[in-house]
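Read through the structure below, which is laid out as structure tokens, and then see the notes.
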2 protein chains.
Amino acid sequence: MSPSLVTNGDVAAVKTSPVSGRFAAVYSEVQTNRIDHALPLPSVLRNPFKIVDGPPSSAAGNPDEIAKLFPNMFGEPSAMLVPNGVDSVGSDQKLKIGVVLSGGQAPGGHNVISGIFDYLQERAKGSILYGFRGGPAGIMKCKYIELTADYIYPYRNQGGFDMICSGRDKIETPEQFKQAEETAAKLDLDGLVVIGGDDSNTNACLLAEYFRGKNLKTRVIGCPKTIDGDLKCKEVPTSFGFDTACKIYAEMIGNVMIDARSTGKYYHFVRLMGRAASHITLECALQTHPNITIIGEEVAANKLTLKNVTDYMVDVICKRAELGYNYGVILIPEGLIDFIPEVQQLIAELNEILAHDTVDEDGLWKKKLTDQSLKLFDFLPQAIQEQLMLERDPHGNVQVAKIETEKMLIQMVETELEKKKQEGSYNADFKGQSHFFGYEGRCGLPTNFDASYCYALGYGAGALLHSGKTGLISSVGNLCAPVEEWTVGGTALTSMMDVERRHGKFKPVIKKAMVELDGAPFKKFASTREEWALRNCYISPGPIQFAGPSSNAVNHTLLLELGAQA
Amino acid sequence: MSPSLVTNGDVAAVKTSPVSGRFAAVYSEVQTNRIDHALPLPSVLRNPFKIVDGPPSSAAGNPDEIAKLFPNMFGEPSAMLVPNGVDSVGSDQKLKIGVVLSGGQAPGGHNVISGIFDYLQERAKGSILYGFRGGPAGIMKCKYIELTADYIYPYRNQGGFDMICSGRDKIETPEQFKQAEETAAKLDLDGLVVIGGDDSNTNACLLAEYFRGKNLKTRVIGCPKTIDGDLKCKEVPTSFGFDTACKIYAEMIGNVMIDARSTGKYYHFVRLMGRAASHITLECALQTHPNITIIGEEVAANKLTLKNVTDYMVDVICKRAELGYNYGVILIPEGLIDFIPEVQQLIAELNEILAHDTVDEDGLWKKKLTDQSLKLFDFLPQAIQEQLMLERDPHGNVQVAKIETEKMLIQMVETELEKKKQEGSYNADFKGQSHFFGYEGRCGLPTNFDASYCYALGYGAGALLHSGKTGLISSVGNLCAPVEEWTVGGTALTSMMDVERRHGKFKPVIKKAMVELDGAPFKKFASTREEWALRNCYISPGPIQFAGPSSNAVNHTLLLELGAQA
């Protein structure tokens with residue numbers, strides 16, 4: 001029998017909760033199937049456990065300053081869940097817990113919340129989970145909903161943050177901390193889970209410190225979220241959402257690679273989300289083998305200029321032309337411009353000139369630029385020059401974020417190739433095609449990895465709160481093993497911190513984890529990129545699969561960092 | 001046991017041919033699994049069959065002119081394969097067949113070729129299949145390769161056209177027909193399969209006419225290819241690639257919908273590939289339920305202006321703001337501008353002015369525009385005005401294709417909302433975010449539907465050639481039933497044709513199938529779009545699945561057109 005290719009009419013299904021039969025949402029078949037996808041749990045969470053503390057922790061840098069900033073939290077040991085004959089964690093205690101999503105979306109956020117909820121249901125019956133709406137502002141304004149089985153059900157294994165939405169506010173001023181305190185008191189909160197990136201987790205720790213300093217019972221646990229992949233350390237091997245986002249981008253990159261090879265006439269310039277670090281670009285390169293990949297951290301380390309980057313591209317394009325390949329795929333991190341010192345310098349000078357001087361039509365104003373900046377300005381395509389001169393943010397600054405780096409590079413490469421054509425050293429047609437893959441990756445359905453990882457992070461966060469822990473980030477490890485062998489615990493947020501001097505004051509920060517040029521992922525990339533440049537080793541990962549042989553693959557970055565891949 | 005989330009090291013696998021053990025390519029796990037995906041065949045192709053001719057055919061329009069242009073082909077009956085006790089088709093005959101891919105890529109092209117090849121292997125042993133390289137130019141230059149089991153194997157069920165590549169050349173002049181004849185003679189071709197869109201199939205029929213007129217043995221069969229979905233008729237219910245491309249775009253649209261709902265602050269303007277017809281946009285709307293969808297055919301039928309389109313968007317955005325929704329998703333067909341008469345008029349006037357007059361800085365040149373065009377020009381955002389004035393193609397014409405419609409509409413909506421804000425009738429923040437989904441959809445891994453449909457189209461084309469047919473397009477029908485019940489046959493290409501007058505001469509054309517405003521897909525869309533506009537009925541289809549419950553779904557357009565969906 002051949003399979004039928006026909007669905008039962010509409011692919012959208014109305015999903016109703018098995019708990020109450022309540023109408024949930026109109027979903028696609030894939031979404032519907034994902035809701036009931038059974039999530040595996042690490043075995044330590046499926047059985048009775050106790051918590052074992054490690055030795056006192058320190059800080060990632062300047063421990064003395066961190067100790068001053070966090071007198072109550074500094075030195076907090078890491079916590080590890082280990083199997084125990086009987087549950088040692090306060091079994092009869094009912095908890096009131098709040099949860100908040102902070103910052104940009106990452107696939108899996110809903111599963112963290114499901115994990116917390118299920119922990120409370122299964123291990124602390126009668127507990128209540130509140131979801132603060134719209135990010136940290138929801139805490140300050142005490143805007144929340146009680147999360148019930150019915151309410152959570154349709155969001156299980158779904159992408160997005162729409163269950164309670166997110167926001168970018170920060171709890172910073174003494175008044176804001178006071179507001180948070182009032183909310184905690186009003187809801188009688190035993191604990192709060194902050195799901196966010198580096199800033200939000202720093203904020204979570206400040207809140208933990210504040211509550212402990214005031215002898216309040218509310219404890220705070222963080223969870224590592226960001227598709228950028230730049231919140232990680234030894235105990236927290238990856239941030240959730242990175243796996244899914246990279247696979248969505250890699251699907252699209254793989255498709256344009258086949259397009260490039262089939263038509264034989266386009267260079268696809270693909271800009272990828274990730275402003276601070278180039279992890280996404282590196283991971284996508286490892287998954288797809290593009291001809292050219294620019295890693296911001298390497299550009300910065302080698303103090304490359306925009307001309308250097310352009311020349312590198314032009315060099316590869318010319319060599320490929322000699323081999324008969326007038327097509328290719330080039331990956332560029334969103335934040336590239338921020339990694340190039342000369343561009344930063346030019347922008348600073350332009351901001352200064354535009355704030356204080358008039359810009360004359362004859363270009364006399366250009367004389368105020370330093371030689372290096374003038375040279376760079378003249379090297380830029382006219383459209384970019386205009387963008388730099390015209391578009392301002394409300395503070396009068398040039399809007400770097402609005403510069404479409406991939407289009408700028410296409411124009412610069414075009415100009416240089418034209419020169420080479422006239423010199424006779426290049427004799428082909430160059431057609432650049434620009435792409436930006438960003439928003440479509442932040443809200444996809446989480447991969448099996450992200451779905452399971454988030455569920456364990458949330459379930460573990462519940463366990464940490466239940467056992468009285470505060471100021472920790474939920475930490476799930478041994479991620480190369482099957483899920484049941486994953487380790488679960490918490491890491492002192494202060495141990496991930498350093499200080500930065502801002503406005504004459506020390507500020508605690510969790511340093512963003514940048515691409516390490518001596519790390520395994522970059523080294524693997526560097527060892528093969530020359531082959532990728534000239535031969536066509538394209539790999540097309542295809543769409544994310546939720547069932548079948550490729551559905552449980554883990555991203556290369558994580559596997560390489562954990563030493564699971566040669 | 002919980003599933004392991006770890007792969008065996010690298011997700012890339014080296015796939016070797018089971019025939020010769022020859023190294024094939026470096027593939028992702030999903031690609032690798034797809035190679036060996038078993039394709040179902042319609043039962044009529046799995047058993048002995050005979051060909052039954054229908055009544056003589058006519059033309060889609062102007063049959064007298066078509067009859068003059070195709071004296072040998074006109075009236076050709078359609079052919080239908082029907083089960084037969086024994087194979088009536090020339091069983092011992094060995095064939096020499098050529099195949100060519102023409103025009104833009106569409107997922108499934110490789111499967112058409114595999115289908116032809118397998119037909120020859122199974123039903124006409126000892127036959128030879130040649131692949132012409134780089135499109136019709138390969139026929140004219142006699143650039144080909146012999147397609148063997150080994151050669152074809154790694155391309156089975158894979159996206160792209162890279163097996164033999166494609167091209168956009170046409171066989172038009174008497175010299176070019178002569179070249180095609182020489183190639184056919186040199187390779188002793190019994191038949192040629194042309195896989196292409198409306199133009200390529202018209203060309204295929206001209207070639208069939210030419211060969212028959214010269215009493216040559218080479219027969220020509222077409223296959224309906226285009227992601228745009230605008231090559232179809234009663235006998236050819238859909239063109240291949242449309243299903244896959246729409247599902248890839250719908251995945252991305254579904255993701256940005258969840259992004260919109262989660263952040264609550266963006267209007268995503270999504271431009272979708274499809275220059276001539278808006279089928280892709282309509283299908284994606286049916287799959288995802290966006291707040292606003294612009295269908296070019298409706299804009300043209302109602303003679304809407306750009307201001308009308310902008311006002312419609314502004315109206316929905318204002319109404320949504322009143323409901324508290326300051327976000328949304330808007331779909332726009334790539335070819336929108338071509339559907340707006342006033343824009344065409346303005347561009348024609350600008351071309352005229354720019355060719356003959358100087359454009360003065362003070363704008364006196366504008367006086368040469370008609371009132372209506374001047375009004376439109378002044379209504380356009382400055383960036384678009386500049387684009388219209390500056391960018392020319394080699395013939396001095398404004399490059400409409402380079403206008404980023406989605407960005408233009410964002411600017412126009414922004415301007416109108418700003419006015420409303422000052423009037424006090426709108427009081428929210430509008431943030432437009434632009435997307436273009438195009439190239440990433442042309443080369444994806446074909447869905448199960450496209451994979452099976454293409455395989456049947458190719459297998460059927462083999463059968464038609466084997467039974468001596470020419471001037472037909474391979475036609476697979478009853479597509480709402482399980483694959484085994486699909487019908488297989490051929491439709492006279494002349495029956496799909498009309499004539500157009502070009503340079504004073506009648507030219508045969510297969511008219512593009514536009515979105516019918518009284519057709520089922522548009523009517524379904526029109527009946528619910530008001531609800532979609534104000535309520536949030538978003539559906540996120542998720543990534544294409546190759547296994548499991550949602551893997552065999554067929555696109556809405558086809559189901560609705562075939563009456564299989566209410």
Side-chain angles (χ1 to χ4, degrees), chain A residues 2-7 9-12 26-31 33 40 105 159-162 165-166 251-252 255-256 258-259 261-264 268 433 439-440 442-445 448-449 452 480-484 537 539-550 552-554 564-566, chain B residues 2-7 9-12 26-31 33 40 105 159-162 165-166 251-252 255-256 258-259 261-264 268 433 439-440 442-445 448-449 452 480-484 537 539-550 552-554 564-566:
Chain A
S2 68
S4 164
L5 287 174
V6 180
T7 62
D10 204 308
V11 296
V26 179
Y27 275 174
S28 69
E29 274 193 60
V30 175
Q31 284 180 301
N33 293 326
Q105 296 151 84
F161 275 5
D162 44 329
C165 294
S166 179
E251 175 194 355
M252 299 299 128
N255 286 359
V256 299
I258 295 194
D259 193 272
R261 187 159 57 194
S262 294
T263 58
H268 292 280
Q433 191 63 49
Y439 296 90
E440 51 275 69
R442 306 196 313 181
C443 283
L445 280 162
N448 282 338
F449 173 77
S452 300
C480 283
V483 175
E484 58 183 7
C537 311
I539 292 184
S540 184
I544 290 169
Q545 298 296 297
F546 296 118
S550 54
N552 290 319
V554 177
Q565 202 181 59
Chain B
S2 68
S4 163
L5 287 173
V6 180
T7 62
D10 205 309
V11 297
V26 179
Y27 274 175
S28 69
E29 274 193 62
V30 175
Q31 285 180 300
N33 293 326
Q105 295 151 81
F161 275 4
D162 43 330
C165 294
S166 181
E251 175 194 355
M252 299 298 129
N255 285 359
V256 299
I258 295 194
D259 192 273
R261 187 159 58 194
S262 295
T263 57
H268 292 280
Q433 190 64 50
Y439 296 90
E440 50 275 69
R442 306 195 314 179
C443 284
L445 280 162
N448 282 339
F449 172 77
S452 300
C480 283
V483 175
E484 58 184 7
C537 311
I539 292 184
S540 184
I544 291 169
Q545 298 296 296
F546 296 117
S550 56
N552 289 321
V554 177
Q565 202 181 58

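Chain A is the first sequence line, chain B the second, and so forth, proteins listed ahead of strands; every chain is numbered from 1.
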Does the side chain of B:Glu440 come within less than 4.5 Å of B:Met252's, by heavy atoms? no
Heavy-atom closest pair, residues B:Cys443 and B:Gln105: SG-OE1, 2.5 Å
What part of B:Ser166 gets within 4.5 angstrom of chain A, counting heavy atoms only: side chain, backbone, both, or neither? backbone
Any idea which of A:Cys165, A:Gly542, A:Gly264 has the most non-hydrogen atom pairs under 4.5 angstrom with chain B? A:Cys165
Minimum heavy-atom separation for A:Glu29 and B:Ala553, please, with both atom names. OE2-CB, 4.4 Å
Going by heavy atoms in the side chains, are A:Ile258 and B:Gln31 under 4.5 Å from each other? yes
Leading residue by heavy atom contact count with chain A [cutoff under 4.5 Å; candidates B:Asn255, B:Asp259, B:Thr263]: B:Asp259
Counting heavy-atom pairs closer than 4.5 Å to chain B, which one of A:Pro541, A:Gly160, A:Ala547 comes out on top? A:Pro541
A:Cys537 versus chain B, the contacting section by heavy-atom distance below 4.5 Å: neither
Of the non-hydrogen atoms in A:Asp162 and B:Ser262, which two are nearest, and what is the gap between them? N-OG, 3.2 Å
Pairs of heavy atoms under 4.5 Å with chain B: top-ranked of A:Gly159, A:Gly548, A:Ser540: A:Ser540
Against chain B, label A:Gln545 side chain, backbone, both or neither, depending on which of its atoms sit under 4.5 Å from a heavy atom there. both
Do A:Val30 and A:Phe546 come within less than 4.5 Å of each other through their side chains, counting heavy atoms only? yes
